[in-house]
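Let me begin by presenting the structure, written as structure tokens, before commenting on it.
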Amino acid sequence: MKTKKIKMVQMLDDHAIEVSLPNKLGDERIAMECSASFAKIVGFLPERIEDLKTAVSEACLNAMEHGNKNHPETRVIINMNYRDHVFSVTVMDQGEGIQDFPHDIEQPDIDKKIENLQTPRGLGMFLIKRLVDQVEFNQITAEGHMVRMVLRLTG
Amino acid sequence: MNQETEINLEKEGDITVFDIQRDVTAFSESVFSKAYQDADNQGTKKILLKFYEDAYINSGGIAILIQLLAKTRKNNQLICIAGLSSHFKKIFNMVGITKFAKIYNTVYEAVAVIAGES
């Protein structure tokens, strides 16, 4: 029986890397570390690299859990691109996105979470929004659902 | 790829220190529950969560920590945190954890402050 080989990490050109992950919680760390290495090479400061790592990790987790609904045969594709001092990352899953996507990502209500009036989960999108310079959630393309995040190299 | 959480309970006077090794994710729930149950059974009133600078903590792990804070609040226990990297100090502050658990730079600093609290 032939098994299909999939390249997990590919350098697409001098400015772009693609990571293809199996839909397995924990494997988001591969994309996270890959983005960190790329950002370090192009000159991001350690503090911004930590922001990027968390944002990439949370976007991948959302893609695995909510987009691909934990189906093990699906994949999450992460594209990283650095041009003109702009580092952009897209995280794509095979889901259909959210129909009634909220216009505003609210600050989590820690009091309600502590009092068990609100789920303690649901922090991922809030963290992404706070940690990157720009984010576009719920982008629907022919290939699937995508989140696009941008960090700018300044100074 | 997940590195399973390991928590060792240590005593610093009347403080129970949760020495938290490896990843803190949604998979950490049972480990945190057991550690808390053991500490609670010992009658602890003060808990210190000791993290390491290189810890990987994601939103699933933060949710587990929020559940732990809820338990300590319900049982009138003091809980605080030490050892986090500056990035995760920022994250914990963003989500509001610092409202319920004070963050110290080191275990030594935390113990010095909370040992005297009743």
Side-chain angles (χ1 to χ4, degrees), chain A residues 8 19 21-34 36 44-66 70 76 105-132, chain B residues 1-5 22-33 36 47 51-81 84-103:
Chain A
M8 194 177 269
V19 181
L21 296 180
N23 207 75
K24 189 175 159 205
L25 293 176
D27 282 4
E28 75 279 0
R29 293 187 65 166
I30 295 167
M32 194 178 95
E33 296 301 339
C34 195
F44 276 85
L45 294 172
E47 187 184 327
R48 290 300 278 155
I49 293 173
E50 290 303 314
D51 292 344
L52 173 69
K53 283 168 70 179
T54 294
V56 168
S57 159
E58 294 301 328
C60 290
L61 289 171
N62 281 345
M64 290 174 183
E65 291 182 290
H66 306 299
N70 295 312
V76 176
I105 310 294
E106 289 181 7
Q107 170 85 24
D109 190 329
I110 190 72
D111 293 292
K112 283 187 179 169
K113 289 180 186 296
I114 291 285
E115 296 299 331
N116 209 19
L117 299 171
Q118 194 181 81
T119 174
R121 301 289 309 261
L123 300 167
M125 287 199 296
F126 166 76
L127 288 175
I128 293 169
K129 192 180 171 196
R130 289 289 303 267
L131 294 172
V132 302
Chain B
M1 197 57 67
N2 263 307
Q3 298 179 42
E4 284 183 22
T5 319
R22 305 193 187 99
D23 299 352
V24 181
T25 70
F27 294 112
S28 312
E29 186 167 16
S30 59
V31 180
F32 270 89
S33 287
Y36 177 75
I47 292 173
F51 288 95
Y52 290 84
E53 282 257 343
D54 60 352
Y56 168 57
I57 308 168
N58 66 25
S59 59
I62 293 172
I64 304 300
L65 295 174
I66 291 172
Q67 288 173 336
L68 178 64
L69 297 189
K71 287 179 189 169
T72 58
R73 185 169 170 80
K74 190 177 166 192
N75 294 326
N76 293 314
Q77 292 155 324
L78 176 72
I79 185 162
C80 57
I81 296 167
L84 284 174
S85 66
S86 56
H87 176 67
F88 281 108
K89 282 181 194 162
K90 179 172 77 178
I91 297 280
F92 281 27
N93 195 36
M94 269 181 196
V95 299
I97 281 182
T98 45
K99 191 172 174 185
F100 295 94
K102 199 166 178 187
I103 296 179

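None of these values were measured; they are calculated from a predicted model.
Neither the backbone nor the side chain of A:Glu65 comes within less than 4.5 Å of any heavy atom in chain B. Interface residue A:Glu50: backbone and side-chain heavy atoms are both found under 4.5 Å from chain B.
Checked by atom type, the side-chain pair A:Glu28/B:Tyr56 shows a donor-acceptor distance below 3.5 Å. With 3.5 Å as the limit, one finds a donor-acceptor pair spanning the side chains of B:Asn93 and B:Thr98.
Residue pairs that meet the salt bridge (Lys or Arg N to Asp or Glu O under 4.0 Å) test with at least one member in residues 90-99 of chain B, sequence neighbours left out, are A:Asp51-B:Lys90, A:Asp111-B:Lys99.
Interface summary for chain A: among B:Gly60, B:Ala70, B:Ala26, B:Ala63, the most heavy-atom pairs under 4.5 angstrom belong to B:Ala63. Most heavy-atom pairs under 4.5 Å with chain B, from the set A:Thr119, A:Asn116, A:Leu127: that is A:Leu127.
For A:Glu115, the salt bridge (Lys or Arg N to Asp or Glu O under 4.0 Å) partners are B:Arg73, not counting sequence neighbours.
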